[in-house]
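Have a look at the structure below before the remarks.
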Amino acid sequence: QVQLLESGGASVQAGGSLTLSCTASEYVVGTGCVGWFRQGPGKTREGVAAISPNGVHYGDSLEARFTISRDNSKNQVYLQISDLKPEDTAMYYCAAGRYALCGIAKEYFNYWGQGTQITVSS
């Protein structure tokens, strides 16, 4: 059972930047698919970005303000968000799948974290 711990969420002003971190309990960062999802108030959960040894994937509707990266030595995956907007307000979840086959659809992921909250005020 892979456990995922997210951190880095905060309440920020519009225009600011944040970096979220996801720490995995097992070595999946370098071999599997790790991604970020978000769920805003009254919205369905949407895929933001995912990373695997084969590359990176981003949600179609997202701007280039989001960057996913990883540190295999720390078993961590990061999500950098710049120029934060009020519509970015959401709970952000880290998810992991054991296989390198990857994308931002939920089907690629077997394990989920508890989430970290980002609130952006205008």
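Predicted model only: the values in this text are computed from it and were never measured. Heavy-atom basis, side chains included; hydrogens, waters and symmetry copies ignored. Residues take their numbers from the sequence shown, with the count starting at 1.
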Output the distance between atom OH (Tyr78) and atom CH2 (Trp36), rounded to the nearest 0.5 Å.
10.5 Å

Of the non-hydrogen atoms in Pro53 and Ala100, which two are nearest, and what is the gap between them?
CD-CB, 4.1 Å

CG of Asn54: more than 12 outside heavy atoms within 6.0 angstrom?
yes

Output every pair passing salt bridge (charged side-chain N to carboxylate O under 4.0 Å, His left out) with a member in residues 43-52, not counting sequence neighbours, ordered by first then second residue.
Arg38-Glu46

Looking only at heavy atoms, the pair that brings Asp60 and Ile104 closest together is N-CD1, 4.5 Å

Indicate whether the side chain of Thr23 and that of Gln76 have a donor and an acceptor atom separated by less than 3.5 Å.
yes

When you measure from the side chain of Glu6 to the backbone N and O of Cys22, does any donor-acceptor pair fall under 3.5 Å?
no

What is the minimum heavy-atom distance between Val120 and Thr89, and which atoms define it?
N-OG1, 2.9 Å

Any donor-acceptor pair under 3.5 Å from Asn75 side chain to Asn72 backbone
no

Mark yes when over 12 heavy atoms from residues, nucleotides or ligands other than Lys74 sit less than 6.0 Å from its NZ; otherwise mark no.
no

Take Val48 and Leu79 through the test side-chain contact (heavy atoms from CB on, under 4.5 Å) and record every step on the way to the result.
CA-CA 9 Å; Val48 176; Leu79 182 70; 4.0 Å; yes

Should side-chain heavy atoms under 4.5 Å link Ile, Leu, Val, Met, Phe, Trp and Tyr, which residues sit in the same cluster as Leu101?
Phe37, Met91, Tyr93, Tyr108, Phe109, Trp112

Sequence neighbours left out, cut at 3.5 Å: what donor-acceptor pairs do the side chains of residues 26-35 make with other protein atoms?
residue, atom, partner, partner atom, Å
Glu26, OE1, Arg98, NH1, 3.4
Glu26, OE1, Arg98, NH2, 3.1
Thr31, OG1, Tyr27, O, 3.4

Taking all non-hydrogen atoms of both residues into account, name the closest pair between Leu4 and Ala24 and its distance.
CD2-CB, 3.7 Å

Distance col, row Asp88:CG vs Thr119:OG1, nearest 0.5 angstrom, shows 11.0 Å

Crowding at CD, Gln114 (>12 non-hydrogen neighbours, <6.0 Å)
no

For the CD atom of Gln80 and the OG atom of Ser69, what is their distance to the nearest 0.5 Å?
5.5 Å

Starting at OG of Ser122, measure out to CD of Gln13 and round the result to the nearest 0.5 Å.
8.0 Å

Residue pair His57 / Cys102: nearest heavy atoms and the distance that separates them:
NE2-O, 3.3 Å

When you measure from the side chain of Ser25 to the backbone of Gln3, do you find a donor-acceptor pair of N or O atoms at a distance under 3.5 Å?
yes

Heavy atoms, side chains only, cut-off 4.5 Å: are Leu18 and Val12 in contact?
yes

Taking all heavy atoms of Leu20 and all of Tyr92, pick out the closest pair and write down the distance.
CD1-CB, 3.5 Å

